[in-house]
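What follows is one structure encoded as structure tokens, with my remarks underneath.
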Amino acid sequence: MMDKHYDAKAAEAKWYPIWEKNGYFHQEPDGREHYSVVIPPPNVTGILHMGHALNQTIQDILVRWRRMQGKNTLWLPGTDHAGIATQNVVEKALKKEGKRRQDLGREKFLERVWEWKKQYGGTIVHQQRMLGNSTDWQRERFTFDEGCSRAVAKVFTQLYNEGLVYKGNYIVNWCPRCGTALANDEVEHEPNHGHFWYIRYPVVGSAKGAAGEPYKDYVMVATTRPETLPGDTAVAVNPKDDRYAHLVGKTVILPLTGREIPVISDDYVDREFGTGIVKITPAHDPNDFLVGKRHGLAEINIMTDDAHMNELAGEKYCGMDRWECRKAIVDDLEAGGFLDHIEDIDNQVGHCYRCHETVESRLSKQWFVKMKPLAEPAIAAVKSGEVKFVPERWSKIYFNWMENIQDWCISRQLWWGHRIPAYYLKKTISTGGVRGDHSPSGSGEMVFVAETAEEALAQAKAKTGNAALTLADLEQDPDVLDTWFSSWLWPFSTLGWPEKTKDLEYYYPTTDLVTAQDIIFFWVARMMMAGIHFMKKPPFRNIVIHGIVRAADGSKMSKSKGNSLDPLELIDQYSADALRFSIALITSLECDTKVNKEKFEIGRNFTTKIWNAAKFLQMQMEAFPQEGFGSSIDGQTAFGQSLSADDRHILYAADLACRKVNEILEAYRIQDGALAVYDFFWTQICDGYVEYVKDSPNKAVSVAILRDVFWKALRLLHPYMPFVTEEVAHQLGFLKEDETIMLQKFPEGYTDAEKAAWGVTEENYDFVNAKREAITAIRALRAEYKVPPATWVKVTVARGTDGSSPLLGHPLCGQPAAGGYGAPAPLPADEVKVLAKAMRAESVEFAPAGSDLAMPSKITKFGTVYLSLEGLVDKAAESKRIAGELAKLAGFIKSSEAKLANENFVAHAPDAVVAEARRKLAENKEKVAQLEKLAKLFA
RNA sequence: GGGCGGUUAGCUCAGUUGGUUAGAGCAGGACCUUUACACGGUCAAGGUCGGGGGUUCGAGUCCCUCAUCGCCCACCA
């Protein structure tokens with residue numbers, strides 16, 4: 001006997017280890033078609049959040065479904081070493097000990113990070129198991145493991161040799177707190193209430209008030225960043241700006257410094273904005289940097305790594321923090337009479353996505369990847385349809401980004417990460433006139449890029465002609481690579497590349513990639529480029545993009561806001577199956593989804609429903625032993641002869657559900673699939689068939705059918721709810737102890753031969769639906785006339801000859817006679833009995849169509865159903881009651897009509913009150929009409 | 001500024017290529033503790049599908065336009 005209540009915790013704790021231990025998640029390359037997916041590796045520092053839950057539930061549904069379909073399936077798990085995030089975590093821990101990473105030194109610090117990883121890095125991986133992920137843990141990878149690191153070094157070296165990796169002086173987004181360059185997409189722009197300082201730059205040699213000339217002796221520059229002033233090397237105007245055309249080519253004096261700088265013209269300047277004159281600070285603004293390049297301006301870097309002013313900012317400001325310096329400069333400008341006025345302005349300021357410090361634009365030497373040549377084939381692969389976005393519209397966003405792609409800054413000033421495999425000669429080494437030099441502003445440096453230090457040394461020897469060089473003379477670039485530089489290789493580095501492994505050959509390209517929209521650029525686009533460039537094939541065939549889980553108010557879930565749901569808490573409270581099913585049901589690929597905790601009750605309730613229905617089935621199977629009945633469980637279905645209409649109805653529904661779910665999942669419509677199995681199980685099996693089975697005239701057959709469709713339903717459900725389906729399948733004896741539902745065949749529906757043998761047809765399906773419509777109509781009439789549930793009524797059905805029923809011609813519904821419609825064939829007595837019970841009717845009689853009986857009725861596809869109230873109500877008493885009701889209502893209607901006719905009321909009362917009065921009036925008029933109709937019946 | 005989306009029941013969302021009377025779940029209402037299940041059952045109610053215009057025999061669905069909310073990219077010195 002099954003327990004009264006389903007113990008989800010126990011079942012989930014029991015099955016996952018069994019699945020994993022038995023290697024059900026693991027398959028080896030073979031002759032079958034493969035289905036492979038790589039997981040978007042979560043940060044090793046991460047903990048499972050709702051985004052993961054959604055993302056991984058979708059993947060697991062697809063993977064379990066494909067596996068049950070018999071495909072050779074691989075879902076490869078792993079984690080990302082997450083450069084800054086991980087380094088931050090360990091640095092924070094160090095801080096508690098009062099230490100900084102610099103105190104430990106690079107090597108010792110890295111040891112600490114590895115120790116941390118060993119101790120805590122498994123957190124998310126364990127949490128993923130709680131979700132029920134059927135990932136192949138035997139193939140788990142880490143972006144910083146040995147194999148991935150080898151792949152990274154090889155890729156960097158190859159791209160360098162191909163001229164696609166270069167080191168360049170560039171203006172980068174710099175986080176002064178993290179001490180690292182940030183990629184554009186790692187900068188978050190936020191609205192800022194700032195100021196516009198209007199500053200006068202005196203013009204050199206301009207005669208004050210020259211006759212007829214409108215210009216003054218200074219130019220007015222507006223800036224939001226006065227502290228960068230010492231780095232100015234020009235002021236610029238728009239070439240088409242007539243107001244300032246005469247100034248171009250002249251020289252102005254940079255206030256506070258006395259330095260003379262040119263006035264240049266450049267299209268970049270917006271005539272309408274500010275004063276139309278811009279100060280150009282090439283070393284501290286990305287646009288100014290480009291202007292400077294165009295005009296050959298000097299780049300004066302006036303800040304240090306940690307956003308303090310350096311000696312180039314001038315003696316007075318040197319050493320000041322940038323904000324401090326801003327204040328000092330503004331004060332000095334004012335004192336010197338250079339400050340014209342200050343305006344408030346709302347602008348956007350960039351912040352570090354990790355630590356939220358205000359980002360500084362800064363000139364530095366960084367490593368870059370040339371993206372255009374890589375992007376072109378990646379665009380083509382999607383254009384040609386070789387790789388598809390699901391939903392398709394995301395390809396537009398992909399193209400938009402790829403076609404405007406910028407070079408990728410890949411160096412990071414961190415310690416935790418893949419160290420750049422570039423080597424320099426130490427400065428102390430003299431090599432026949434060539435000096436090793438890798439200072440940011442250095443020139444003429446010699447760099448040796450190679451996968452290993454030994455190879456770099458060989459290069460150095462060859463290049464310098466100095467055979468005496470040793471490894472000790474080389475110095476590796478101190479920077480590490482952007483985290484994404486390892487994750488863009490994920491689809492093939494995890495399969496063994498650069499080795500030519502069996503896995504790589506068999507599982508690459510992977511089939512589907514499932515991810516959220518927020519990393520299309522960071523990750524998806526780059527994987528496309530790397531896959532095509534290094535493997536000569538795109539890394540996946542379909543890119544499935546799902547929405548983002550949002551809080552109930554539509555905002556992003558974040559821990560700091562306290563509006564996030566914790567999937568682990570939901571699992572604890574409702575079970576993993578409930579979480580999975582709910583999230584699959586409520587989210588669509590098309591858009592973001594707002595969720596709140598209550599929504600997860602859907603899945604919990606469904607789990608309970610499945611359990612209870614299983615209990616029912618188990619009881620029935622005990623009462624009606626199934627010997628002699630085959631079923632698809634045993635690979636053969638044989639229910640015997642003469643199936644009833646309801647029996648055939650559920651077989652049709654099961655067939656339909658199986659076909660639908662397969663079709664739906666092929667189209668990645670996870671949500672529709674959830675809805676389809678939910679409806680099949682709950683509406684068709686539980687509400688429909690189980691109720692029938694209870695009173696089935698041929699119960700043993702019906703139980704056999706229930707068993708069969710139940711087993712189909714469990715397998716349909718398994719991808720969504722792996723635990724409860726496994727548990728129930730075992731409890732019901734569908735599986736032997738050493739079997740698993742995971743590897744059973746995913747149902748495809750019945751064969752045409754089976755359906756033909758059983759009489760499973762659409763006509764029959766429609767017929768039963770119509771019959772149920774009649775049952776519903778009677779129930780509605782009972783409720784309408786307040787017939788107590790315990791009372792058995794008399795029902796009359798008029799059908800079959802009025803031509804209105806689409807079911808005419810059905811064997812159970814009556815054949816049309818030669819010249820018109822004849823009398824309907826009577827329903828089999830058994831059928832009538834079951835029908836009557838569902839209606840709680842002591843009798844169901846059939847009358848010719850068109851019988852105009854003096855009874856309440858409803859028209860259905862089954863025919864017109866009449867509810868006899870005879871004997872239920874005392875006609876005289878009912879008449880009296882109706883008369884009383886009518887009198888009361890007449891009074892109400894009279895007074896409310898008078899109220900609404902009162903102009904003062906209509907004009908002054910709140911609209912809602914007037915509307916409500918009108919509504920009530922109409923409603924009660926309706927009631928009167930109904931009562932009058934009914935009164936006639938009792939007359 | 002460029003790009004992309006949303007607007008359907010009180011709430012959260014479905015609604016495939018245009019096609020009967022627009023569907024779920026939740027919340028709310030009425031009734032029912034019927035021996036699988038109250039995490040349940042039965043029934044009812046709730047919508048001029050953001051506004052306006054157009055194409056069509058027919059529009060929630062296609063086109064135009066307006067409104068409004070949101071996201072992404074770039075960014076004003």
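Below, read A as the first sequence line, B as the second, and so on, with proteins coming before strands; counting in each chain starts at 1.
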Phosphate oxygens OP1/OP2 of rG41(B): is one of them under 4.0 Å from a side-chain N or O of Trp682(A)?
yes
Could you please name the option among rA36(B), rA77(B), rG25(B) that lies closest to any side-chain atom of Val690(A)?
rA36(B)
Return yes if the base of rC43(B) and the side-chain atoms of Arg779(A) contain a donor-acceptor N/O pair under 3.5 Å, otherwise no.
no
Spacing between Lys4(A) atom NZ and rC39(B) atom P, to the nearest angstrom
11 Å
Would you say rG2(B) has OP1 or OP2 under 4.0 Å from some side-chain N or O of Asn400(A)?
no
Can a salt bridge be assigned to the pair Lys771(A) and Glu773(A) using a cut-off of 4.0 Å between side-chain N and carboxylate O?
no
Could you say whether Asp288(A) or Lys599(A) is positioned toward the 5' end of RNA chain B, judged by the nucleotide with the nearest heavy atom to each?
Lys599(A)
I'd like to know if Glu403(A) pairs up with Lys383(A) as an ion pair, taking the criterion as any Lys NZ or Arg NE/NH1/NH2 lying under 4.0 Å from an Asp or Glu carboxylate oxygen.
yes
Between C1' on rG41(B) and CZ on Arg782(A), what's the gap in Å once rounded to a whole number?
14 Å
I'd like the P distance from rC32(B) over to rC13(B), given in whole Å.
36 Å
Read 5' to 3' with Watson-Crick or G-U pairs under 3.5 Å, [ ] for crossing pairs and | for partners on another strand, RNA chain B gives (((((((..((((.....[...))))..((((.......))))......(((((..]....))))))))))))....
Whole angstrom is fine here: how far is it from NZ in Lys615(A) over to P in rU35(B)?
13 Å
Start at the 5' end of RNA chain B and walk down; is the nucleotide closest to Arg604(A) or to Ile775(A) reached first?
Arg604(A)
If I pick the P atom on rU8(B) and the same atom on rG52(B), what distance separates them, to the nearest angstrom?
15 Å
So, Asp679(A) versus Thr683(A): side-chain donor-acceptor pair below 3.5 Å or not?
yes
Which value, in whole Å, describes the distance between the P atoms of nucleotides rG25(B) and rA14(B)?
16 Å
Just call it for Gly276(A): base, sugar-phosphate, or nothing, with non-hydrogen atoms closer than 4.0 Å on any strand.
base
Less than 4.0 angstrom between a side-chain N/O of Thr776(A) and OP1 or OP2 of rC43(B), yes or no?
yes
Tell me whether Arg200(A) forms a cation-pi arrangement with Tyr218(A), defined as NZ or CZ under 6.0 Å from the six-membered ring centre and within 45 degrees of its axis.
yes
To the nearest angstrom, the OH-C1' distance between Tyr678(A) and rG40(B) comes to 12 Å
For the pair Tyr198(A) and Phe196(A), evaluate ring-ring contact (aromatic ring centres under 6.0 Å, His included) and give the outcome as yes or no after the intermediate values.
CA-CA 6 Å; Tyr198(A) 286 79; Phe196(A) 231 173; 5.7 Å; yes
Looking at Asp572(A) and Lys9(A), does any basic side-chain N land under 4.0 Å from a carboxylate oxygen?
yes
Interatomic distance, Gln671(A) CD vs rA24(B) P [rounded to whole Å]:
15 Å
Inter-nucleotide C1' distance (rG23(B), rG60(B)), Å rounded:
12 Å
I need the single residue from Tyr668(A), Phe399(A), Tyr398(A) that forms a ring pair (Phe, Tyr, Trp, His ring centres under 6.0 Å) with Phe389(A). Which is it?
Tyr398(A)
What is the nucleic acid contact for Gln620(A), judged by heavy atoms within less than 4.0 Å: base, sugar-phosphate only, or nothing?
nothing
For Asp687(A), report the nucleic acid contact type (base, sugar-phosphate, nothing); a contact means any heavy atom under 4.0 Å.
sugar-phosphate
For rU48(B) and rU61(B), measure between their P atoms and round to the nearest Å.
16 Å
Indicate the ring-plane relationship of Tyr692(A) and Tyr689(A), choosing parallel, tilted or perpendicular according to the 30° and 60° boundaries.
parallel
Side-chain contact check for Arg393(A): nearest option of rC4(B), rC73(B), rC39(B) is rC4(B)
To the nearest 0.5 Å, what is the distance between OG (Ser696(A)) and NZ (Lys833(A))?
10.5 Å
With P as the reference atom in both, quote the distance from rA45(B) to rA30(B) in angstrom, rounded to an integer.
15 Å
Does Asn605(A) place a side-chain N or O at less than 4.0 Å from the phosphate oxygens OP1/OP2 of rG40(B)?
yes
I'd like to know whether the aromatic ring centres of Phe681(A) and Phe710(A) sit less than 6.0 Å apart in this structure.
yes
From CZ of Arg225(A) over to C1' of rC75(B), roughly how many Å is that when rounded to an integer?
15 Å
When the ring planes of Phe581(A) and Phe606(A) are compared, do they come out parallel, tilted or perpendicular, using 30° and 60° as the limits?
tilted
Would you indicate which nucleotide in rC39(B), rC43(B), rC4(B) comes nearest to any side-chain atom of Ala780(A)?
rC43(B)
What's Val221(A) touching, base or sugar-phosphate or nothing? Going by heavy atoms closer than 4.0 Å.
nothing
Indicate whether OP1 or OP2 belonging to rC37(B) is found under 4.0 Å from a side-chain N or O atom of Lys694(A).
no
Under the 3.5 Å rule, do the base of rC37(B) and the side chain of Lys609(A) count as making a donor-acceptor pair?
yes
Summarise protein proximity over nucleotides 29-34 of chain B in one line of letters, 5' to 3': B for base, S for sugar-phosphate only, - for none, counting protein heavy atoms closer than 4.0 Å.
---S--
Side chain to side chain contact (heavy atoms under 4.5 Å, CB included) between Val703(A) and Lys699(A): does it pass, once the steps are laid out?
CA-CA 6 Å; Val703(A) 171; Lys699(A) 206 155 172 180; 4.2 Å; yes
With C1' as the reference atom in both, quote the distance from rG2(B) to rG47(B) in angstrom, rounded to an integer.
37 Å
Rounded to whole Å, how long is the line connecting atom CH2 of Trp401(A) with atom P of rA74(B)?
10 Å
Which value, in whole Å, describes the distance between the C1' atoms of nucleotides rC63(B) and rU21(B)?
28 Å
Taken to the nearest whole Å, OH/Tyr198(A) to C1'/rA77(B) is 10 Å
What's the closest nucleotide to the Asp672(A) side chain, out of rA36(B), rA14(B), rG5(B)?
rA14(B)
